[in-house]
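Let me begin by presenting the structure, written as structure tokens, before commenting on it.
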Amino acid sequence: MKIISSDQVSQLIHDGDTIMYTGITLGGFAEEALIELEKSFLETGHPRDLTMYWQSATGNRGDRGLAHAAHEGFLKRGVGGHLTGCGPAMTKFSGDNLGEIFNFPQGVMSVMCRHIAAHTPGVITKIGLKSMMDPRIEGGCMNEKAKAAEPLVELLEIGGEEWLRYKLPKLDVTLIRGTIADTKGNISCYKEGYKLGQYSAAAAARSCGGIVICQVENIVEFGSIKPRDVIVPGILVDYVFVSKPEYHWQTSKTYYNPVFSGEIRIPLDAVPVEKFSARKIIARRAAMELTRGSIVNLGVGIPEAVSSVAAEEGCGEDITLTTEAGGIGGVPASSHDFGCCWNAEATIEMADEFDLYDGGALDLGVLGVLQVGPNGNVNVSKRYGEGMGVGGFLNVAGGASTVVFAATFTGGLKKGEGPQYEIGDGHIKVVREGNSKKFVNEIEQISFNGEASLDMGKRILYVTERCVFELTKDGLLLTEIAPGIDLQKDILDQMEFSPIISKDLTQMPADIFHENWGGLKKIMDQKNKE
């Protein structure tokens, strides 16, 4: 192992190289290395025509993280678990067709290095069948340049069943991050909030004859790290550099929180309570699908609020909330701390978490939604023509026995143009309608295939502040309507297609439309008796 400075990283990477990054938000991401590569390219034109693979939404949804890669000529091909989380520069780069951009499920990206290291023929899975990942649809392509390139996803038939094979790259470089390295290159990640497969990523580069570069906070004497605390052994590490503190954040919001790294615990009443709003109404109704002992995953946006609702209702200990980044138990952190947990029971490898999801361990997945089609298909990955990516959405939707899509009934084309409500005293009233419909005849991209999911025996609900739908073989069935909502004006007139209206159409519980609820425990008790 050789100790270098960050400005030497660009000398180790050559034109046309393929690089693998670990990271989610800014956690586990060797940001200073990419900043130096970007600087070198802008000053000298090299290295150029790089292919980059990344696991998830790597950045701060602004100008940090993989936003540094979004330069024509610098990035030739990008394959990642998300785009929007990497910032507007990356989504614009993709939309402007400046390089080949592919989006794979986060679960595929998280296990990919294992398969590269073991020289398997690819990541072979059913995740993504009949969705945008399927080569019969889009093959994970997010722009025209990707569609014109060599296909990276293949349809297979094994044992009379359809599977997808996600092809594996040959890596020249892996860029990983740890907390400290000793003088022989052994890496500890004790201050990280996530376990992101740093070992697998290093082993993958080694199996390809590539190099491993690690960004750390400090270098310590050999023997300072206990053997069981070594995440990546020094025999797999070629170069280490010490980063500036400003490029070594634990998440994209937090520089360092010892709760996220499991070093301390705090009273959970210190976690902020969700404000009373349409978002909280939706989260409450989604929470009514919880059962005692259930294993749950919550997506970004409105679904995040379910954890706050469960904690406020005193039911947090009755369920196990998980995050796709490896968190088990506790309360998932929200917004730009996404993936970390307050008071986690365990933090496992992200790839291991996705193995659990893909294997069907989830009882409930609560996910966001941009558009819903008449057949129950869902779009979360493209908005107004702009590619966003799926993250772990497909793995959660594919692995959960019950899937709840949670969203406001209409949206806004721009910020501030969404719906506004008057909520309280057991009812809700639409004060101003959003100017963008979500229940549409044709969705922009198939992120979730309703028919295929029904064939797997899943229960699928669509929960909004106005009503609840359940997916049937005949289409969306309207089963509940909120008190104060007009069926024709507030629901049917705001849809591009006509749902099936249940003969047993019921009212959503009026008590969830009060400032204080206190009814979740009773609902869970009743389910437990049943």
Side-chain angles (χ1 to χ4, degrees), residues 21-32 34-35 54-70 80-91 106 177-179 189-196 215 217 243-275 277 279 283 297-308 311 321-344 347 350 353 368 388-389 391-393 415:
Y21 292 95
T22 57
I24 178 172
T25 65
L26 291 176
F29 179 59
E31 185 176 24
E32 190 165 338
L34 181 55
I35 288 172
W54 61 89
Q55 297 168 321
S56 183
T58 309
N60 66 342
R61 295 181 178 264
D63 59 355
R64 297 189 63 184
L66 277 160
H68 294 293
H82 210 271
L83 294 185
T84 302
C86 303
M90 184 60 77
T91 52
Q106 186 180 334
R177 197 181 90 182
T179 304
C189 297
Y190 75 91
K191 286 174 67 175
E192 294 287 346
Y194 317 99
K195 292 181 179 178
L196 300 174
Q215 171 179 315
E217 289 186 321
S243 72
K244 301 178 184 67
E246 57 264 36
Y247 301 132
H248 207 101
W249 281 50
Q250 192 180 44
T251 73
S252 62
K253 178 183 177 182
T254 302
Y255 175 68
Y256 170 59
N257 184 337
V259 179
F260 293 161
S261 50
E263 296 165 84
I264 65 171
R265 295 172 67 86
I266 61 168
L268 281 179
D269 57 12
V271 178
V273 173
E274 183 70 29
K275 294 180 180 178
S277 64
R279 170 184 161 106
N297 175 276
L298 306 176
V300 296
I302 290 175
E304 294 172 341
V306 174
S307 64
S308 175
L321 296 170
T322 67
T323 73
E324 52 258 50
I328 294 179
V331 177
S334 61
S335 186
H336 295 282
D337 287 329
F338 181 78
C340 288
C341 289
W342 300 93
N343 296 358
T347 302
M350 181 164 68
E353 191 84 88
M388 301 174 64
F393 174 92
K415 190 173 182 179

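For the single chain, residues carry numbers from 1 onward in sequence order.
Annotation: the span from Leu66 atom CG to Thr58 atom OG1 amounts to 5.0 Å, rounded to 0.5 Å. Atom OG1 of Thr179 and atom CD of Gln250 lie 8.5 Å apart (nearest 0.5 Å). Atoms CE and NE2, on Met90 and His68 in that order, are 10.5 Å from each other to the nearest 0.5 Å. Note that CD of Glu274 is 8.0 Å distant from OG of Ser334, once rounded to the nearest 0.5 Å. Atom OG in Ser261 sits 9.0 Å away from atom CD in Glu192 (nearest 0.5 Å). With rounding to the nearest 0.5 Å, the separation of CG in Asn257 from CH2 in Trp249 is 12.0 Å.
For Phe338, there are no ring pair (Phe, Tyr, Trp, His ring centres under 6.0 Å) partners at least two apart in sequence or on another chain. With sequence neighbours excluded, the residues forming a ring pair (Phe, Tyr, Trp, His ring centres under 6.0 Å) with Phe29 are Tyr21, listed by chain and number.
The minimum heavy-atom distance between Leu196 and Gly27, with the atom names listed, is CD1-O, 3.4 Å. Contact record, Cys189 with Gly178: SG-CA, 3.8 Å, taken as the closest heavy-atom pair. Closest of all the heavy-atom pairs between Pro88 and Gly62 is CD-O, 3.6 Å. Residues Gly85 and Ala57 share a closest heavy-atom pair of CA-CB, 3.6 Å. Of all the heavy atoms in Thr323 and Pro332, the pair that sits closest is CG2-CB, 3.8 Å. A pairwise comparison of heavy atoms in Tyr255 and Pro245 identifies CE1-O, 3.1 Å as the closest pair.
At a threshold of 4.5 Å between non-hydrogen side-chain atoms, the residues Lys253 and Thr25 do not count as touching. No side-chain heavy atom of His248 sits less than 4.5 Å from a side-chain heavy atom of Tyr256. You'll find the side chain of Lys195 stays beyond 4.5 Å of the side chain of Glu353, heavy atoms only. Side-chain atoms of Gln55 and Tyr194, non-hydrogen and from C-beta on, never get closer than 4.5 Å to each other. Proximity of Phe260 to Trp342: side-chain heavy atoms (C-beta onward) are separated by under 4.5 Å at one or more points. Between Met388 and Thr91 the shortest side-chain heavy-atom distance does not fall below 4.5 Å.
A donor-acceptor pair under 3.5 Å is absent between the side-chain atoms of Gln106 and the main chain of Gly391, judged by distance alone. Judged purely by atom type and a 3.5 angstrom limit, Glu31 has no side-chain atom pairing as donor or acceptor with the backbone of Leu26. A donor-acceptor contact shorter than 3.5 Å links the side chain of Gln215 to the backbone of Glu32. Within the 3.5 Å criterion, the main-chain N or O of Val306 finds no donor-acceptor partner in the side chain of Ser308. Between the side chain of Ser252 and the backbone N or O of His336 there is at least one donor-acceptor pair closer than 3.5 Å.
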| Could you walk me through whether Arg61 and His82 pass the side chain to side chain contact (heavy atoms under 4.5 Å, CB included) check? | CA-CA 11 Å; Arg61 295 181 178 264; His82 210 271; 4.2 Å; yes

| Steps toward side chain to side chain contact (heavy atoms under 4.5 Å, CB included) verdict (Glu304, Leu298) | CA-CA 6 Å; Glu304 294 172 341; Leu298 306 176; 5.7 Å; no

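Looking only at atom types and distance, the side chain of Asn297 has a donor-acceptor partner in the side chain of Glu324 under 3.5 Å away.
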